[in-house]
A.B. asks: 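Dropping the structure in here first, questions after.
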Amino acid sequence: MTAARFTLTLAGHQLGEAQKLAVRIEDDWRIEVLAVSINETDAVHGLWETVAYFADEAGALAADAALGLHGAISSLPETDWVAGSLQGLAPVAAGRFFLHGSHDRQRRHGGGISLEIDAGTAFGTGHHGTTEGCLVALDALLKRTRPRRILDLGCGTGVLAIAAARALRANALASDIDPEAVRVTRRNAARNNAGPLVEAIAAPGLKHLSIAGCAPYDLIFANILARPLVALAQGLSHSLAPGGALILSGLSLDQSRWIVAAYRNRGLVPFQRIARGNWATLVLTRPAKQGRPDRFRAGRQVTGAHGAGWEDA
């Protein structure tokens, strides 16, 4: 993913308003945003800010004009601001996976799979709720099946591809539109004893020969934003093998039904939704045998042609 250089901050909102604003920023086709976060700024009065990250100042200015809310635009220092903030973040335990930075190496668990990922010039350290949700989904999936053909689309720092490769001792293909993300993924794979298992390539979408040539996949990760997930619904659905699992994230809870509808129309069945704060991770399957999937009901068990599952976890 392209490195962020500028932020647009919109402050002074209640939590619900800040969450809606984050969704509005992600859904507006005029806004080329890299990431959006919400942060509490005043616990006494319940005030939050919404922060959008952009590759350049022009993108931040265009977003501010589109929103018409007169936010504050700031430049990020050229230093590794993500790495500095990571020093204050605790390791993440997600099922069998224990994710930590090099500064927390001494806290590694004796069992399970430890992954050392330092912040760098690509996103995806695993401390974000979307990446954590994907790891939890992967842990649950591995209790039921052993996928062999794996794709991590929009890999960032390669956390998901590395986790799957380590857990399954299987090859994983990781792709990102940003060559810097590809470089970081290769470095992280080597550091985590998965170098020979993870192939990282720079590619937009699914049309690269290396991606199309290995399809269909038993497991696909796509931890990106909601709008690109909808745009890729047709391609991702066709790239998933019968009985395979598609793990989607980078979306808010409010966007879940929009995404589910897009993929249900392509023949996939919702199996699970994992919530981490306001962020959602969705697990969908392509039934081995086509059948009519049951409705996707909030908070209730879901039974589709692939088997039983649940929406919220």
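Quick caveat, the model's predicted, so the values are computed rather than measured. Values reported hereafter were calculated over all heavy atoms of this structure, with side chains retained and with hydrogens, waters and symmetry mates removed. Numbers here simply count residues along the sequence, with the first being 1.
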A.B. asks: Looking at Glu180 and Arg183, is any side-chain nitrogen of the basic one under 4.0 Å from a carboxylate oxygen of the acidic one?
C.D. replies: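 Between Glu180 and Arg183 there is a salt bridge, with a charged N closer than 4.0 Å to a carboxylate O.
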
A.B. asks: Could you tell me whether a side-chain N or O of Asn188 sits under 3.5 Å from a main-chain N or O of Thr157, the two making a donor and an acceptor?
C.D. replies: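 The answer is yes, because a donor-acceptor pair under 3.5 Å joins these two groups.
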
A.B. asks: Taking NZ, NE, NH1 and NH2 as the nitrogens, is one of them in Lys143 or Asp139 under 4.0 Å from a carboxylate oxygen of the other?
C.D. replies: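 A salt bridge links Lys143 with Asp139.
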
A.B. asks: I need the Leu251 CG to Trp258 CH2 distance, nearest 0.5 Å.
C.D. replies: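 With rounding to 0.5 Å, CG (Leu251) is 9.5 Å from CH2 (Trp258).
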
A.B. asks: Donor-acceptor check, side chain of Ser74 to backbone of Thr7, threshold 3.5 angstrom: yes or no?
C.D. replies: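 The answer is no, because no donor-acceptor pair under 3.5 Å joins these two groups.
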
A.B. asks: Does Ile220 share a hydrophobic cluster with Ile259, counting links as ILVMFWY side-chain heavy atoms below 4.5 Å and allowing steps through other members?
C.D. replies: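 The answer is yes; both residues are in one hydrophobic cluster.
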
A.B. asks: By side-chain contact (heavy atoms from CB on, under 4.5 Å), which residues pair with Val23, not counting sequence neighbours?
C.D. replies: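 Applying side-chain contact (heavy atoms from CB on, under 4.5 Å) to Val23 gives Asp27, Ser252, Gln255.
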
A.B. asks: Can any side-chain N or O of Arg286 pair as donor or acceptor with the backbone N or O of Leu240 at less than 3.5 Å?
C.D. replies: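 Yes, Arg286 side chain to Leu240 backbone: donor-acceptor pair under 3.5 Å.
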
A.B. asks: Distance-only, no hydrogens or angles: does the Asn192 side chain make a donor-acceptor pair with backbone N or O of Ala194 under 3.5 Å?
C.D. replies: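 No; zero donor-acceptor contacts below 3.5 Å.
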
A.B. asks: Can you tell if the side chain of Phe54 reaches within under 4.5 Å of the side chain of Leu61, non-hydrogen atoms only?
C.D. replies: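 Contact flag for Phe54/Leu61 side chains = no.
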
A.B. asks: Under a 4.0 Å N-O cut-off, is there an ion pair linking Asp56 with Arg5?
C.D. replies: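 No, this pair does not count.
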
A.B. asks: Is the backbone of Arg24 close enough, under 3.5 Å, to the side chain of Asp28 for a donor and an acceptor to pair up by distance?
C.D. replies: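 No; zero donor-acceptor contacts below 3.5 Å.
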
A.B. asks: Return the set of residues passing side-chain contact (heavy atoms from CB on, under 4.5 Å) with Glu40 (not counting sequence neighbours), or none when no residue passes.
C.D. replies: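 Scan of Glu40 (side-chain contact (heavy atoms from CB on, under 4.5 Å), adjacent residues dropped) gives Ala43, Trp48.
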
A.B. asks: So, Arg276 side chain and Thr281 main chain: donor-acceptor pair closer than 3.5 Å or not?
C.D. replies: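 Not confirmed, Arg276 side chain does not pair with Thr281 backbone.
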
A.B. asks: Donor-acceptor check, side chain of Ser175 to backbone of Cys155, threshold 3.5 angstrom: yes or no?
C.D. replies: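 No.
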
A.B. asks: Between the side chain of Arg273 and the main-chain N/O of Ala280, is any donor-acceptor distance below 3.5 Å?
C.D. replies: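 No; zero donor-acceptor contacts below 3.5 Å.
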
